[in-house]
Amino acid sequence: MSEPYDLVIIGGGPGGYNCAIRAGQLGLKVACVEMRGTLGGTCLNVGCIPSKALLHASELFESATSEFPAMGIVTGAVELDLPAMLGHKDETVDGLTKGIEFLFKKNGAEYIRGKGKILGQGKVQVETDSGTSVLDTRHIVIATGSEVTPLPGVTIDEARIVSSTGALDLQKVPGRLVLIGAGVIGLELGSVWRRLGAEVVVVEYLDRILPGMDTELAKAAQRIFAKQGMDFRLGTKVTGVDSSDPDTLKVTLEPAKGGEAETIEADTVLVCIGRRPFTAGLGLENVGIEPDARGFIANDHFRTSAENVWVVGDCTHGPMLAHKAEDEGVACAERIAGKAGHVNYGVIPGVVYTYPELASVGQTEDELKQAGRKYKKGKFPFQANSRARANHATDGFVKILADAETDEILGAHMIGANVGEMIAEICLAMEFRASSEDVARTCHPHPTLTEAVRQAAMGVEGWSMQS
Ligand code: FAD
Ligand code: NAI
């Protein structure tokens, strides 16, 4: 009989594959069971990566028509080759998923294609096309991720009524795209198809977009996206989509608080009202794990209620983000190896990759006010940043929040070009528990957008130079 595994991971997304690679590096005997046919999970296959490939390409497409003339660049008529754009996306995904297989081999982690099920403590069943086998293991890590939250009355067919997966692969630009939900997916994928020519209507239940993000940031974003042409219907719910007409979908809307219904037409409807943990058929009952009412598996430093069964990523609590899943996967492998793996949940950035981008880390002003914490605030507009003006990218601002007494940075919220890259500076500062003055006194290169971060920090200190 062969030696049992030290750990078997079920799910090969950012949580699972990073856990496998780190376990391999630490000398553990590790296998990762993935049923999708490729590694990388939602993120690489149908999430972060394909969406960013399309966001980048569609942003260039829009720039070519709206930005180039003002910069003195004359082109012929700019045309969309949608199959080529989708091909660029697919190639990016393909290269990256194969790259993870290579990393598995390099780090001694085994990749098993198949569906995993927990049979009991230390036993994982793997179902493949060629049959079923059982793996013996000391530890099991659940990393099965999440799936689209369905909306009653709206049946997703991934052709006309789509989830994010279908919206990443539309073969034709819709005339009118209705988004249900003004969260991250809606705004990112709505931006892609608006730039390529679709009329975009955004239906949101709440009276604001991007719930959870700093309110000032979300308001600024809404103003800018509305100027770009997105039609926001806030405080509104979709009660049904009639697809009986083969040419036109009929979407029924109602005020969220109740009232008269209205019907609007659409070519495509994107359902993006959130995601929920995916644990169906996983055999949780065989080890006595009961998910909470929303389907999440609770954890204490990644340990579940069952002995030697661990959980990371979207199927446990916390933000449903790839970098959160990745950090948990690494820390979990380290704990299984007897080390002190740790994730700092106070410093997990969130980025919305629209144009302009939105980026946040730490506490929002709303949260600080609610907690009664005294704070100082520094805010700097890109309008006053020289590089932003040279780049024609003056929309947005950087806001830094710091403790009123100690000056420790408590949060940062930014909207503007490239802020998704710039937020990392504040993440590092917060990880080191830096004060706002530390950032304000750090020399930043000129002329760069990052100077806006420094100026916002100076603003916290009361001595910003440029505004
Ligand atoms: P997943 O990536 O969902 O991976 C879980 C894997 O487990 C899947 O591949 C699944 O097939 C497999 N699996 C499930 N059950 C079994 C089983 N029984 N046996 C075998 N395999 C199984 N996050 C960001 O941080 N930045 C972004 O820009 C971003 N963009 C996104 C865009 C979209 C359109 C979407 C949908 C999501 C995006 N996310 C983004 C979120 C990100 O994709 C998730 O947070 C991340 O993938 C979670 O990682 P995970 O490992 O927990 O789960
Ligand atoms: P979300 O939670 O970001 O937004 C869902 C929106 O739908 C909310 O504004 C909510 O109020 C609204 N809503 C809920 N029910 C509704 C209803 N019945 N009618 C109208 N509106 C309704 O969820 P989304 O956009 O689906 O994304 C899922 C998750 O994927 C995100 O929470 C995020 O964790 C992850 N993601 C991250 C990205 C990034 O980091 N850039 C990009 C895309 C997804």
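Counting convention: from 1, in listed order, for ligands and their atoms alike. Note that these values count all heavy atoms, side chains included, but never hydrogens, waters or copies made by symmetry.
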Short N/O distance, under 3.5 Å, between Val312 and ligand 1?
-> no
Please report the closest heavy-atom contact between Gln25 and Asn107, naming both atoms and the distance.
-> CG-OD1, 3.2 Å
Got a donor-acceptor contact below 3.5 angstrom from the Ser58 side chain to the Leu55 backbone?
-> yes
Protein heavy atom at shortest distance from atom 9 (O) of ligand 2 = Glu204 OE1, 2.6 Å
Residue Glu91 excluded, over 12 heavy atoms near CD under 6.0 Å = no
Is the backbone of Ala159 close enough, under 3.5 Å, to the side chain of Asp157 for a donor and an acceptor to pair up by distance?
-> yes
Nearest-option assignment for atom 49 (O) of ligand 1, heavy atoms, candidates Gly13, Pro14, Gly281 | Pro14
Among protein heavy atoms, which sits nearest to atom 6 (C) of ligand 1, and what does the distance come to when rounded to 0.1 Å?
-> Glu34 OE1, 3.3 Å
Around Glu290, counting heavy atoms of other residues, nucleotides and ligands shown, do more than 12 lie under 6.0 Å from its CD?
-> no
Quick one: does Thr165's side chain get under 4.5 Å of Val148's, heavy atoms only?
-> no
For atom 28 (O) of ligand 1, what is the nearest protein heavy atom, given as residue, atom name and distance?
-> Lys52 NZ, 2.7 Å
Looking at atom 29 (C) of ligand 2, what's its closest protein heavy atom, distance included?
-> Arg275 CD, 4.0 Å
Minimum-distance protein heavy atom relative to atom 4 (O) of ligand 2 = Gly183 CA, 3.2 Å
Does the side chain of Glu110 pick up a donor-acceptor pair with the side chain of Tyr5 at under 3.5 Å?
-> yes
Mind checking whether Asn45 contacts ligand 1 via backbone (N, CA, C, O), side chain (CB onward), both or neither, at a 4.0 Å heavy-atom cut-off?
-> neither
Starting from the C-alpha separation in whole Å, work towards a yes-or-no answer on salt bridge (charged side-chain N to carboxylate O under 4.0 Å, His left out) for Glu3 and Lys29.
-> CA-CA 9 Å; Glu3 267 289 289; Lys29 184 176 176 192; over 6 Å; no
Nearest-contact summary for atom 18 (N) of ligand 2 - protein heavy atom, Å | Leu151 CD1, 3.6 Å
Could an N or O of ligand 2 be found under 3.5 Å from any N or O of Tyr353, whether backbone or side chain?
-> no
For Gly145, the atoms of ligand 1 under 4.0 Å from one of its heavy atoms are 1 (P), 3 (O), 5 (C), 52 (O), 53 (O)
Considering only non-hydrogen protein atoms, determine which one is nearest to atom 19 (N) of ligand 2 and report residue, atom name and distance to 0.1 Å.
-> Ile180 CG2, 3.8 Å
What part of Ala325, side chain, backbone, both or neither, has a heavy atom within less than 4.0 angstrom of ligand 1?
-> side chain
Can you name the nearest heavy-atom pair linking Leu86 to Leu170, along with the distance?
-> CD1-O, 3.5 Å
closest protein heavy atom to atom 37 (C) of ligand 1 is Gly47 CA, 4.1 Å
How far is atom 34 (O) of ligand 2 from its nearest protein heavy atom, and which residue and atom is that?
-> Met320 O, 2.6 Å
Trace of the salt bridge (charged side-chain N to carboxylate O under 4.0 Å, His left out) decision for Arg113 with Glu101 = CA-CA 11 Å; Arg113 279 189 180 80; Glu101 281 191 44; 3.6 Å; yes
For atom 17 (C) of ligand 2, which protein heavy atom lies nearest, and how many Å away is it?
-> Ile273 CG2, 3.8 Å
For Leu189, is at least one N or O under 3.5 Å away from an N or O on ligand 1?
-> no
Going by distance only, is there an N or O of Tyr205 that falls short of 3.5 Å from an N or O of ligand 2?
-> yes
Do any nitrogen or oxygen atoms of Ser51 lie less than 3.5 angstrom from nitrogen or oxygen atoms of ligand 1?
-> no
In Å and rounded to the nearest 0.5 Å, what is the CD to OG1 distance from Glu254 to Thr239?
-> 5.0 Å
Taking distance alone, with no angle check, do Val352 and ligand 2 share an N/O pair under 3.5 Å?
-> no
CG/Asp207: more than 12 non-hydrogen atoms of other groups inside 6.0 Å = no
Thr144 neighbourhood, listing ligand 1 atoms whose heavy-atom distance to it stays under 4.0 Å = 5 (C), 7 (O), 14 (C), 15 (N), 16 (C)
Give a yes/no verdict on whether any heavy atom in Gly114 is under 4.0 Å from an atom of ligand 1.
-> yes
What's the spacing between Leu368 CG and Leu401 CG if we round to 0.5 Å?
-> 6.0 Å
Ligand 2 versus Leu206, non-hydrogen atoms closer than 4.0 Å: side chain, backbone, both, neither?
-> side chain
Side-chain (Ser63) to main-chain (Phe61) donor-acceptor, under 3.5 angstrom = no
Which segment of Arg275 sits under 4.0 Å of ligand 1 when only heavy atoms are counted | side chain
Does NZ or CZ of Lys237 come closer than 6.0 Å to the centre of the six-membered ring of Tyr205, within 45° of the ring's axis?
-> no
Polar contact flag for Val184 and ligand 2 (N/O pairs, less than 3.5 Å) = yes
Starting from atom 52 (O) of ligand 1, find the nearest protein heavy-atom neighbour and note its residue, name and distance.
-> Asp314 N, 2.9 Å
Heavy-atom nearest neighbour in the protein, as seen from atom 38 (C) of ligand 1, with distance rounded to 0.1 Å = Cys48 N, 4.0 Å
Heavy atom under 4.0 Å from ligand 1: found in Phe278's side chain, backbone, both, or neither?
-> side chain
If you measure from each non-hydrogen atom of Thr42 to ligand 1, which part falls under 4.0 Å: side chain, backbone, both or neither?
-> both
Side chain, backbone, both or neither: which part of Cys315 has a heavy atom under 4.0 Å from ligand 1?
-> neither
Is there a heavy atom in Pro211 that sits closer than 4.0 Å to ligand 2?
-> yes
What protein heavy atom sits nearest atom 23 (O) of ligand 2, and how far off is it?
-> Gly274 CA, 3.2 Å
Taking non-hydrogen atoms only, is Lys117 closer than 4.0 angstrom to ligand 1 via side chain, backbone, both or neither?
-> neither
May I ask you to check whether Leu210 has an N/O atom sitting below 3.5 Å from an N/O atom of ligand 2?
-> no
Quick check: does Gly116 get an N/O under 3.5 Å from an N/O on ligand 1?
-> yes
Protein heavy-atom partner closest to atom 25 (O) of ligand 1 - residue, atom, separation in Å | Ala322 N, 2.8 Å
Could you go through the salt bridge (charged side-chain N to carboxylate O under 4.0 Å, His left out) check for Lys117 and Glu127 one step at a time?
-> CA-CA 8 Å; Lys117 180 176 180 179; Glu127 201 185 308; over 6 Å; no
Examine distances only and state if a side-chain atom of Lys115 and a backbone atom of Val126 form a donor-acceptor pair shorter than 3.5 Å.
-> no
Atoms in ligand 1 with a heavy atom of Met320 nearer than 4.0 Å | 41 (C), 45 (O)
Would you tell me which option among Ser146, Ala322, Ser51, Gly181 has the nearest heavy-atom contact to atom 7 (O) of ligand 2?
-> Gly181
Under 4.0 Å from ligand 1, counting heavy atoms only, is it the side chain of Ser164, its backbone, both or neither?
-> side chain
Taking both backbone and side-chain atoms of Val351, is any N or O found less than 3.5 Å from an N or O belonging to ligand 2?
-> yes
Can you measure from SG (Cys32) to CZ (Phe104) and round to the nearest 0.5 angstrom?
-> 4.0 Å
